[in-house]
Amino acid sequence: PKSISSGVSGMAFGQEGDGDNENGLHILKDRRTVEELKDRFYSIQRALLRIRNGRDPDLKKHPMMKHEYDMEYESHRRLQLDLLQRRTHSQELKIASTVIAARRLNKR
């Protein structure tokens, strides 16, 4: 199939490995992580806000401008969440007993 460049680095429509999902939507196989895609999305949104509302004195108060997306923090958060969700029941019991023992020590 003939490739039509999407204009985004590293991506092209119609490349081998791309396909349609069950809804008939064309799926792009992208090598970027979710965090990288979010970082790109939020940086573009911030740039658009600056361009469209550059002279607005309240622009600095906009949530998108106040809280910048932190890709490293998000990657670490997702890793920790994954570790938490993979805990076994016996690990949970061990942690609970450790917390109870620590509370007893702190009461003394």
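Applying the side chain to side chain contact (heavy atoms under 4.5 Å, CB included) criterion to Thr33, with sequence neighbours excluded, gives Glu35, Glu36. The side chain to side chain donor-acceptor pair (under 3.5 Å) check on Glu74 picks up Arg77, with sequence neighbours excluded. By the side chain to side chain contact (heavy atoms under 4.5 Å, CB included) test, Ile100 is found to be paired with Arg104, residues two or more places apart in sequence or in another chain being considered. Taking the side chain to side chain contact (heavy atoms under 4.5 Å, CB included) definition, one finds that Ser97 meets it with nothing, sequence neighbours left out. In this view, Lys94 satisfies the salt bridge (charged side-chain N to carboxylate O under 4.0 Å, His left out) rule with no residue, not counting sequence neighbours. Partners of Arg46 by side chain to side chain donor-acceptor pair (under 3.5 Å), not counting sequence neighbours: none found. Tyr42 meets the ring-ring contact (aromatic ring centres under 6.0 Å, His included) test with Tyr69; sequence neighbours excluded. With sequence neighbours excluded, no residue forms a side chain to side chain donor-acceptor pair (under 3.5 Å) with Thr98.
By the neighbour-count criterion of 12 heavy atoms within 6.0 Å, atom CD of Glu72 is sparsely surrounded, having that number or fewer from other residues, nucleotides or ligands.
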Which donor-acceptor pairs under 3.5 Å do the side chains of residues 50-66 make with protein atoms, sequence neighbours left out?
from: Asp56; atom 1: OD1; to: Asp58; atom 2: N; distance (Å): 3.0
from: His62; atom 1: ND1; to: Met64; atom 2: N; distance (Å): 3.0

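Pairs engaging residues 72-108 under the ring-ring contact (aromatic ring centres under 6.0 Å, His included) rule: none recorded [sequence neighbours left out]. Pairs of residues two or more places apart, or lying in two chains, that qualify as salt bridge (charged side-chain N to carboxylate O under 4.0 Å, His left out) and include a residue from residues 81-92 are Asp82-Arg86, Arg87-Glu92.
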Problem set entry | Leu84/Gln80 under side chain to side chain contact (heavy atoms under 4.5 Å, CB included): CA gap, chis, key distance, verdict | CA-CA 6 Å; Leu84 178 69; Gln80 294 300 313; over 6 Å; no
